[in-house]
Amino acid sequence: MTNPVRTRFAPSPTGYPHVGNIRTALFAWLFARHNGGSFIVRIEDTDVARTVEGAVEAILDSLRWLGLDWDEGPEVGGKYAPYFQSQRLELYHEAAQRLIAHGDAYYCYCSPERLKEMREEQVKHKQPPGYDRCCRDLGELEQAAKESDGITPVVRLKTPLEGQTRFNDLIWGDVKFENSTIDDLVLLKSDGYPTYHLANVVDDYEMKISHVIRGEEWLSSTPRHLLLYQALGYEPPQFAHLPTILGPDRAKLSKRHGAASVAEYREQGYLPEALLNFLALLGWSLDDKTEIFSLEELIKNFSLERVNKTAAIFNQDKLSWMNGMYLRNLTPEDFVQRSLPFLESGLPPQIKRPLDINYLRQILPLVQERTKTLTEVPDLIKFFFIEESDYPSDSLIGKGMTRESAIKALESARLKLVDLAVFDEASLESLLRPLAVELELKPGQLFGTLRVAITGRTVAPPLFQTMIVLGKERCLSRIETALARLRKPSG
RNA sequence: GCCCCCAUCGUCUAGAGGCCCAGGACGGCACCCUUUCACGGUGUAGACAGGGGUUCGAAUCCCCUUGGGGGCACCA
C-alpha cells in the first residue's frame with residue numbers, strides 16, 4: 001500500500017509570500033521531487049475579508065521565479081480541480097452536513113459578541129479561553145427559536161470530551177494531546193465559507209495528499225484535524241511540521257523584519273538559486289560540511305529525517321555571502337544577462353538606452369567577483385559611462401605624496417600614454433611600472449593616483465584592465481581633468 | 001492563564017553514549033597574496049543554558065529549573 005507521494009503548498013492570498021512561506025513550499029516541493037511524487041498548489045481563499053488583491057499572482061510569481069513548478073494547481077489545472085477553495089464550497093457544506101447528520105457536529109447560534117465576552121471573562125479568571133459549548137446540546141425547539149430570530153448559525157465540531165489524540169509527526173515524533181483541552185472549533189462560518197480546518201481536511205483528503213508539510217504553527221491544531229478526519233471517516237495523511245523561521249529579534253519572521261517578501265529579495269538582486277540554497281539550509285542539512293547545493297543535489301539528498309526542530313533565525317549576511325558565491329560561479333555572459341535589468345533601471349538616466357551590450361560584456365567581468373547582490377552593479381560600473389569628477393581632489397594625492405608629486409606623476413603618465421601604440425595590459429604594465437621607479441614612487445602610489453584620476457574613486461577594478469576597457473582617449477582626457485583640478489588651488 | 005514543543009559558538013548547523021578538552025559555514029580579528037577593493041589562502045577568538053540523576057563513560061538518555069518558540073478566532 002505505497003500511495004504515491006503527493007504534497008501541497010496551500011497559501012492563503014492574504015499577503016505577499018515571505019521567505020517563511022516559501023521555505024515551506026520548498027520543502028514540500030523537494031519532498032515530492034525526491035520521491036518522484038506530485039507537488040500541488042492550492043489557494044486557500046476562504047477568508048473573504050482578508051483577501052488581498054494580486055496576492056495569488058504574487059505567490060505564483062514567486063514560485064515561478066524560484067523554479068518551484070507545480071503539477072496541479074492554478075493555471076495548470078489537474079485531476080482534482082478546482083484548486084481554489086472558494087470554488088469548492090459545496091464540498092465543505094456536504095462534509096458539514098454529514099457530520100451534523102451523524103451527530104459529530106452541531107449548529108451554534110452564539111453571537112460574536114457573546115463569544116468575545118465569554119473569552120474575556122475566561123482570561124480574567126485565568127481560565128484557558130475556549131468555547132463553552134453552550135449550543136452543543138440544544139434541543140430542536142431551542143434551535144427553531146433561534147432560527148426564527150433570524151440568526152445564521154455556524155457549524156461546530158463536537159469534540160470528544162475525554163481521551164487523547166496522538167499522532168506520529170515525521171519531524172517531531174510522537175505527539176499527543178488531551179481531548180479535554182480542545183474546544184469545539186468552528187467548521188463553517190456564518191458567511192457560508194469553511195474555516196481553514198474544515199477546508200484543509202476535506203481538500204487534503206479529496207486531493208489525495210499523502211504528506212502534509214506545513215509550518216510548526218499548525219502543530220497544535222493537528223489533533224483537531226485528526227479528530228475531523230476521524231469523524232469524516234477519512235484516512236489521515238502523514239504530517240510533518242517544519243520549524244519556524246525567526247527574525248533577528250527572535251520573533252516569528254514577518255514584514256516587520258524588513259525585506260521578508262520573496263519579491264523584495266528578487267528586487268534586491270539575489271539570485272533565485274542562492275535564495276533556494278540558503279532556505280534549504282534553514283532547518284535542513286546534509287552533513288557537517290556541504291553548504292552549496294545545486295537544485296539537483298538538493299532533490300537527490302533531501303529528506304524529512306534530516307529536518308530539525310529548532311526555530312532558525314534568518315541570517316541575511318550568510319545569504320549575501322552565498323549570493324556572492326553564486327554570482328561568481330555564473331558564466332560571464334550569464335552574469336551580463338542577469339545584471340541587465342538592474343543596469344537598465346539602476347544606471348543614471350542620461351546614459352543612452354538600450355545599453356550597449358558589447359560594452360557591458362567588456363566591463364562586467366571586471367566586477368563579477370566583487371559583487372554580492374545585483375543591485376550593487378550599477379554603482380560599481382557607473383564610471384565606465386560617465387566621467388565622475390566630483391571626487392575630492394585630495395584623493396589624487398596618495399599616502400606619502402604631495403600635490404606636486406601627484407601632478408608630476410599624472411603629467412608623466414599622460415605623456416607616456418599619448419605615445420603608447422598598443423593599449424593592452426602588457427604594454428601598460430611595462431610602461432607604468434618603470435615609471436613609478438623613475439618618479440621614485442611605489443607602484444601603489446602611482447597606480448592609486450591614476451586610479452582616482454581615471455575612475456574617480458579610490459576603490460575600483462584593477463587599473464590596467466579598467467583603462468583598456470575605457471580606451472586610451474578617455475583615459476587621457478580624465479587624466480587631464482584630474483590635472484586641471486590639482487592645479488586649481490581651491491581643490 | 002492553559003496546552004504543545006524546543007534548547008551546541010553572535011547566526012546557520014554537524015553530532016543519534018566512548019571517534020568530541022565538540023567539526024563545518026557566515027560574521028569578527030590577524031596574517032599572506034596584491035596597484036585599491038574584492039576574490040583566494042592561512043591562522044585565531046568563540047558554544048554543549050543551569051542543576052540533579054542513569055552509566056565504567058553523556059553534548060548525546062531521564063528529571064527539575066531557566067530561557068525561547070508556537071497555539072488557545074466565525075484568520076490562515
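Here is the naming used below: chain letters follow the sequence lines, and residue numbers restart at 1 for every chain.
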Which ones in [range] lie close to RNA chain B, meaning a heavy atom under 4.0 Å from one of its atoms?
range	answer
residues 106-127 of chain A	A/Cys110, A/Pro112, A/Leu115, A/Arg119, A/Lys126
residues 449-463 of chain A	A/Arg451, A/Thr458, A/Val459, A/Ala460, A/Pro461, A/Pro462, A/Leu463
residues 275-286 of chain A	A/Leu281, A/Leu282, A/Gly283, A/Ser285

| query | How are the rings of A/His241 and A/Phe239 set to each other: parallel, tilted or perpendicular (split at 30° and 60°)? | reply | parallel
| query | Relative to each other, are the rings of A/His197 and A/His225 parallel, tilted or perpendicular (30° and 60° limits)? | reply |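 Plane angle between 30° and 60°, so tilted.
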| field | Pairing residues for A/Lys318 by the side chain to side chain donor-acceptor pair (under 3.5 Å) criterion, not counting sequence neighbours | value | A/Glu291
| query | Who are the side chain to side chain donor-acceptor pair (under 3.5 Å) partners of A/Glu94, not counting sequence neighbours? | reply | none
Whom does [N] pair with, Watson-Crick or G-U wobble, provided both distances fall under 3.5 Å?
N	value
B/A25	B/U11
B/C61	B/G53
B/C39	none
B/C75	none
B/G17	none

Under 4.0 Å between any heavy atoms, over every strand shown, what does [X] touch: base, sugar-phosphate, or nothing? Just pick one.
X	value
A/Arg166	nothing
A/Glu369	base
A/Thr46	sugar-phosphate
A/Pro194	sugar-phosphate
A/Trp172	sugar-phosphate

| query | More than 12 non-hydrogen atoms from neighbouring residues, nucleotides or ligands closer than 6.0 Å to NZ on A/Lys472, yes or no? | reply | yes
| field | Short N-O contact, A/Asp287 and A/Arg306, less than 4.0 angstrom | value | no
| When you list every nucleotide of RNA chain B with an atom under 4.0 Å from a heavy atom of chain A, which one comes first 5' to 3', and which comes last? |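 In short, chain A contacts RNA chain B from B/G1 to B/A76.
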| Which heavy atom in A/Leu374 sits nearest to a heavy atom in A/Phe335, and how many Å separate them? |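 What the structure gives for the nearest pair is CD1-CE1, 4.0 Å.
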| Span that lies between the C1' atom of B/A49 and that of B/G10, in whole angstrom |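 Their C1' atoms lie roughly 15 Å apart.
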